[in-house]
Amino acid sequence: MFYNAYEQVYLFTERGGDVVLAILGLIFLLWLFILERVAYFTLNHKDLVAKAVEEWEARKERTSWQAHQIRLDLVASVEMALETNTRTIKMLVGLCPLFGLLGTVTGMIEVFDVMAFIGNGSPRAMASGISKATIPTMAGMVGALTGLFAQSLIQRHIQRQKSNIEDKLTFDH
Amino acid sequence: MKLRNLFSIGVVAFALALPVQAEEKSQSGLDMDKLLNLVKEGQARDNREFQTRMKRFNAAKSQQERLLAMAKDERTRLEQESAQKEKQFGENEEQISAAQERLTNRLGALKEMFGVLQQVAGDTKGVFEGSVVSSQVEGREAFLSNLIKVAGSSSELPSIENLEQLWFEMQREMTLTGDIAQYTTDVVLPSGETVSKSVTRVGGFNVVADGNYLVWDLEAKKLVELDVQPGSRYNGPASELENTSSDLNGFWIDPSRGQLLKIMGQTAGLTERIQQGGVVGYIILALAVIGILLALVRMVMLSAEAKRIKKQMNDETPSDNNALGRVMSVYQANQDADTETLELHLGEAISNEVPRLTAGVNWIKIISVVAPLLGLLGTVTGMIDVFETMSLFGTGDPKLMAGGISQALVTTVLGLVAAIPCVFLHTMTNNKSRDLIQILQERATGILARKAEEQYQAKAA
């Protein structure tokens, strides 16, 4: 069964050409970053919030100008940690369709090369170029769509966490 | 009489031409009276000549009649002879057809066999001419041409030896196309000179020499080395095959007997592809180079700045070489001012630093957006080119449209190739500069406040 799956992937990459490999690498990287975010949210984030709350609660007074600045600093450091890599994820999602388009165009170049050599009478000869044009587009689209979905979920989670941390660091009890 | 008429026409024509010339002639002293006399004299002379000619013709007349009689006799004689020959021809014809019928009867099934033999020999000749085996075995075509001639003629019969040799040659071709052979033969190099080389033939498909692929040239009947070799991925195993002693060896076979290798040599390389992009392509490439260089410079500068800021975060004394240090020194200078003035000063110091950190980053973004747009521009100009060609020459020949199409596609590719690294680098530089700005804007005051508190507590203790 595993071998069958491997065979499918192998055929897919072979038909789609080198660009599909690049797109697969891109999708792999994209999901690596997404999983890194998920891991951070579930494992490290709570500790960081607890530490910030602890430092805030340990203060004697929470109303002076200095206290305000320190609170801003605490919130900002938590937010910065939350937002790490989100822009990279966004960029990777944006790059997926670009790579798909690149594959389309290089595939079309191959089609026209074939046409220049043997004329347009043989659709069979053009099939290789056409599959190289269409498969990367599809792969790029699929990568971008899945990534976009995950990205919007992450974004919403970050927004919620941001308002949470601001709520937690209250000025007075 | 005819002559006279002609003459008078000549005179009239002369007279018509005369008025034009009269003025010029009057200078040489030739006037109209003299001309009239000349014409009169001419008429008298022509009359005399005519009389003598008439006399001569009359004298010759009797001789002509005698010659005519002789010619008539000759004609009747020849007519008789012709009739006789025609009869003879008819008889011969009958004899020949009778003889041929006899020949056909006696040949019987053999006649059909010779027809088949001729056809098979013709087919085999075609196969042999296109086969690379011909570089190893010579003189097969001459034998086949002779055999075809003999089998086709009605006066000669192919001998048993001929038939056996045809069978032998076909069997030899089959055997040789099934093996790998090494032998020495003439090879035409790309430079044009012919040298004797040791070559390796792989079945009926390909021939290699010194790791280079050769093709069989039909016209020259010689092995020709391809001037564009398919590349080390294919040539490496070829030279390995030549020097190997093991039974199993990897080798790239071109099943089209060299046609695919030739096409491979014709495919455009990277530089040719870039040239196909035209002016738009060069502009895109220049933009890409600018964008990437700019991004690299910014990356180096921002990394250095980040390092200095990190160091500053753990250091009490503000140093002037980084953004955070400068903000801190502003804080220290206004430490005693009230909080609102301090905040204003700090805000001003921070907003002074922001442009220095974000400089150039937007340019990278602009390039990453403009490059695909320029690619689109190239696509459209290329398509205009294609449609112009189509309106002139029609859609029959895709080769004519290839120039415009390749321009259209290559510029698109170049646009994407420029945009992808620019998007990537923009994100990286943007991330870095955003982080630094965030440190300044949101954390600087926090860091300062914390430090002030520590100092205060230290003093209190």
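Worth knowing before you read on, the calculation uses all heavy atoms, side chains too, and leaves out hydrogens, waters and symmetry mates. These figures come from a predicted structure and were not determined experimentally. Residue numbering restarts at 1 for every chain, and letters A, B, ... go by the order of the sequence lines.
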Chain A interface, residue from B/His426, B/Gln438, B/Gln441, B/Met428 that has the most non-hydrogen pairs under 4.5 Å: B/Gln438

Separation between CE of A/Met80 and CD1 of B/Ile439, rounded to the nearest 0.5 Å: 4.5 Å

A/Trp56 atom CH2, over 12 foreign heavy atoms within 6.0 Å: yes

Top contributor to chain A contacts, counting heavy-atom pairs under 4.5 Å, from B/Val413, B/Ile420, B/Val410: B/Ile420

Contact leader toward chain A among B/Thr412, B/Val423, B/Thr379, B/Leu409, where contacts are heavy-atom pairs under 4.5 Å: B/Leu409

Result of checking A/Leu102, A/Thr106, A/Val105 against B/Val417 for side chain to side chain contact (heavy atoms under 4.5 Å, CB included): A/Leu102

Residue among A/Val75, A/Thr88, A/Leu98, A/Leu72 with most heavy-atom pairs under 4.5 Å to chain B: A/Leu98

Between CG on residue B/Leu416 and CG on residue A/Leu101, distance to nearest 0.5 Å: 4.5 Å

Heavy atoms from other residues, nucleotides or ligands near CZ of B/Phe424 exceed 12 (cutoff 6.0 Å): no

A/Lys162, NZ atom: more than 12 neighbouring heavy atoms under 6.0 Å: yes

Contacting region of A/Glu110 [heavy-atom separation from chain B under 4.5 Å]: neither

B/Thr427 to A/Arg87 - nearest heavy-atom pair and separation: CG2-O, 3.7 Å

Exceeds 12 heavy-atom contacts within 6.0 angstrom, atom CG of A/Asp18: no

OH/B/Tyr282: more than 12 non-hydrogen atoms of other groups inside 6.0 Å: yes

